[in-house]
Amino acid sequence: MPRAKVSTVVLDAHDAHELADFYVRLLGYEVRGDEPHWVLIGPPDDDGVSLSFETESEYVRPAWPTRKPGDQQMMLHLDIEVDDLEGETARAVAEGAVLADFQPQDDVRVLFDPAGHPFCLWVRTEG
């Protein structure tokens, strides 16, 4: 069977560079490719999934949780494992994230990046 792996997740935004800058600061990633409407970032050790960002002039922020029929649905979200949930949540907010009003779990924090994509910070619990 051929080998296949997810290498990159692509996120649309009104401004690819602005969103890429946020995730570079949040994750400590490095810029690997930079074009006028597209940016690729990845981990410094090249071990892990890269993220790319594409400028989409008709981008619509997703609604989470879904509020009413017709809202732009969340298509995906990033799960980011952290060691210190409260500390990393505060750092993410300082970098430009917004904490969601609804928090469904004690060991997860749902936030929105500057383009409105939901993402989760979570800590591994014994169990």
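Using a 4.5 Å heavy-atom threshold, the side chains of D79 and W122 count as touching. Proximity of L11 to L76: side-chain heavy atoms (C-beta onward) are separated by under 4.5 Å at one or more points. Two residues are said to be in side-chain contact when any heavy atoms from C-beta on lie closer than 4.5 Å; I80 and L27 meet this criterion. In this structure, the side chains of D12 and L19 stay at 4.5 Å or more apart for every pair of heavy atoms.
The list of side chain to side chain donor-acceptor pair (under 3.5 Å) pairs with a residue in residues 105-116, not counting sequence neighbours, reads Y23-D113, E86-R109, D113-H117. Residue pairs meeting the side chain to side chain donor-acceptor pair (under 3.5 Å) criterion with at least one partner in residues 35-55, sequence neighbours excluded, are absent. Judged as a ring-ring contact (aromatic ring centres under 6.0 Å, His included), the pairs with a partner in residues 78-107 (not counting sequence neighbours) are, in order, W64-F102.
For the salt bridge (Lys or Arg N to Asp or Glu O under 4.0 Å) test, residues two or more places apart in sequence or in another chain that qualify with E30 are R32. For E56, there are no side-chain hydrogen bond (donor to acceptor under 3.5 Å, both in side chains) partners, not counting sequence neighbours. Under the salt bridge (Lys or Arg N to Asp or Glu O under 4.0 Å) criterion, E81 pairs with R124, not counting sequence neighbours.
Residues L78 and I41 fall within the same hydrophobic cluster, defined by Ile, Leu, Val, Met, Phe, Trp and Tyr side chains chained together at heavy-atom separations under 4.5 Å. No single ILVMFWY cluster, assembled from side-chain heavy atoms under 4.5 Å apart, contains both V10 and F22. Connection of Y29 to F53 is established within a shared hydrophobic cluster, with ILVMFWY side chains joined at heavy-atom distances below 4.5 Å, either directly or through further cluster members.
Across all non-hydrogen atoms, the minimal contact from P118 to P62 is CD-CG, 3.9 Å.
In this structure, the separation between CG on L26 and CZ on R91 is 5.5 Å, given to the nearest 0.5 Å.
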Requested in this report: Run the numbers on V39 and V31 for side-chain contact (heavy atoms from CB on, under 4.5 Å), then give the verdict.
Outcome: CA-CA 7 Å; V39 181; V31 175; 4.2 Å; yes
Requested in this report: I would like to know whether L40 and L51 meet side-chain contact (heavy atoms from CB on, under 4.5 Å); could you show each step before the answer?
Outcome: CA-CA 6 Å; L40 172 68; L51 298 174; over 6 Å; no
Query raised in the report: Does the pair L121 and V108 meet the rule for a side-chain contact (heavy atoms from CB on, under 4.5 Å), with working shown?
Result: CA-CA 6 Å; L121 300 180; V108 174; over 6 Å; no
**Report entry** Derivation of the side-chain contact (heavy atoms from CB on, under 4.5 Å) call for V49 and T8
**Finding:** CA-CA 5 Å; V49 175; T8 307; 5.6 Å; no
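Remark: side-chain polar atoms of H14 are not paired, donor with acceptor, to backbone N or O of A115 under 3.5 angstrom. In this structure, the side chain of Q103 engages the main chain of V110 through a donor-acceptor pair within 3.5 Å.
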